[in-house]
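From a predicted model like this one, the values you see are computed outputs, not experimental measurements.
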Amino acid sequence: MPPAIASEAATLVEREVRLQRLVTVYIVTGLLFLLLPGTFLGVWNLISISGRQSLEALSPAWLQAHGHAQIFGWIGTFVLGIGFYSLSKMARLPAFAVTRGWTCYALWTSGLILRWTANVTGWEWQVLLPVSATLELAGFLTFFLTVRGHRPADPASGKRDVWIWIVAGSSMWFLITLVINLMAAAAVSWSGTGPAIPHKWDQRMLMLPTWGFLVPAVWGFNARWLPVFLGLRAPDPLYLLFAFGTSSTAVILAMAGFTRISVAMLPITAIAAILGLGAFERSSQPPKTTGIHSSFPVFVRGAYLWLIVASVLSIWAASSDHSGGIWGASRHALTVGF
């Protein structure tokens, strides 16, 4: 093998090892947020609700600490790590993307820890809340500015695959979410009323990270990887773009206060995404399942069933939930089920 080719091959192998190390740390960290700040506090909250037989007696700051650890700490960390890995391999990001990945990790994780500390302990919360939101925004901007300059899969044609468009769109919603999160943290800190966002705004803001960012981000990465691992046909761009447009409209309507109209659109967007991905269709080609358990397709399709359940529960909650239980069931069906 010529020295130049050997050197290039060694460089590619080294970069692959660095990428795998990076995404592993992101995933392990996400699992730690799931198990410790997320699940532990969630169980503690449920015990408190059961003991007091009242949701109103529980600290809103604790509920928000649990939700933030689950949505941003667990799933958000997963998406950022997988985003760096997938886009570095498939969108030809420059070599410095790996270093940027570690910078993003340090900022993002520090912000998450400070947010959880402020909500749970109340210690210096007027300082920690805006600082944590600033660090989270800075971490995401590191990711966003790194991946926004990716080159298309076919540089000659200038065309980008639909999965990249969906991931890019969901990333814009993530940016909007973190900006609004910083504004809310600053407002709460300024008011001095306590380390919890008022319930009315918290309800509306939860649509941003869920149906604005997390769900479409999963669709985007699924559009890239499910045809490989499940042997599905190529995704249908029209259905996926329709699903993303509908979910974005639902988020905007929710933020404007039109909750019932917003949630009525969620089953439509879920079904459109399923049709676009062909999630329940038979494999059209042999899936690449070496090293993957045979039950993998069952879990993937089960996740999309939970997405439909979450969307239907949201309609029920908007029409008749007065205590928050159905809303909680809907969000758990989405974040844990899907």
Side-chain angles (χ1 to χ4, degrees), residues 55 60 63-72 74-76 79 115 133 136-137 140 166-188 196-220 239-274 276 304 306-338:
L55 178 63
L63 284 173
Q64 291 177 20
H66 164 69
H68 201 85
Q70 293 287 80
I71 294 175
F72 292 89
W74 170 29
I75 309 174
V79 171
R115 174 60 179 263
E136 290 174 357
L137 178 58
F140 175 76
I166 300 296
V167 170
S170 68
S171 297
M172 289 301 301
W173 274 116
F174 201 1
L175 176 60
I176 294 170
T177 299
L178 292 171
V179 170
I180 293 178
N181 178 59
L182 176 57
M183 294 169 60
V188 168
I197 298 171
H199 177 71
K200 175 183 176 181
W201 284 104
D202 184 54
Q203 282 284 99
R204 295 183 184 183
M205 287 172 59
L206 282 170
M207 282 289 287
L208 285 166
T210 51
W211 290 92
F213 161 58
L214 295 175
V215 172
V218 172
W219 294 340
Y239 272 113
L240 287 179
L241 291 173
F242 175 79
F244 178 72
T246 309
S247 67
S248 297
T249 304
V251 172
I252 293 170
L253 289 172
M255 291 297 294
F258 300 102
T259 304
R260 293 193 178 186
I261 300 175
S262 169
V263 297
M265 302 176 70
L266 298 183
I268 299 173
T269 191
I271 292 171
I274 290 170
Y304 279 94
W306 278 113
L307 182 64
I308 295 175
V309 170
S311 65
V312 173
L313 284 174
S314 294
I315 296 176
W316 183 15
S319 62
S320 59
D321 188 9
H322 303 292
S323 61
I326 305 174
W327 277 119
S330 172
R331 293 187 187 112
H332 276 76
L334 184 67
T335 58
V336 182
F338 176 61

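- Atom CD1 in Ile326 sits 4.5 Å away from atom CH2 in Trp316 (nearest 0.5 Å).
- Open room surrounds CH2 on Trp306; 12 or fewer heavy atoms of other groups in view lie less than 6.0 Å from it.
- Contact of the Phe72 side chain with the Asn181 side chain is not registered, since no non-hydrogen atoms from C-beta on lie closer than 4.5 Å.
- Counting all heavy atoms, side chain and backbone alike, Tyr239 lies closest to Gly276 at CB-CA, 3.4 Å.
- Between Phe213 and Phe174, the ring planes are parallel. Angles under 30° get that label, and only those over 60° would be called perpendicular.
- Taking each heavy atom of Ile197 and Val188 in turn, the nearest pair found is CA-CG2, 4.0 Å.
- Side chain of Thr259 to backbone of Ala254: no donor-acceptor contact under 3.5 angstrom is found.
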Applying side chain to side chain donor-acceptor pair (under 3.5 Å), run through Thr177 and Trp173 and close with a yes or a no.
CA-CA 6 Å; Thr177 299; Trp173 274 116; over 6 Å; no
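- Checking side-chain atoms of His332 against main-chain N and O of Gly328 turns up a donor-acceptor pair under 3.5 Å.
- Across all non-hydrogen atoms, the minimal contact from Pro267 to Ile315 is CG-CD1, 3.6 Å.
- The shortest side-chain heavy-atom distance between Val312 and Leu266 does not fall under the 4.5 Å cut-off.
- Taking the six-membered ring for Trp and thresholds of 30 and 60 degrees, Tyr304 and Phe338 have ring planes more than 60 degrees apart, a perpendicular arrangement.
- Contact record, Ala217 with Val167: O-CG2, 4.4 Å, taken as the closest heavy-atom pair.
- Of all non-hydrogen atoms in Leu214 and Val79, the two that sit nearest each other are CD2-CG2, 4.4 Å.
- Minimum heavy-atom separation, Pro216 to Ile166: O-CG2, 3.1 Å.
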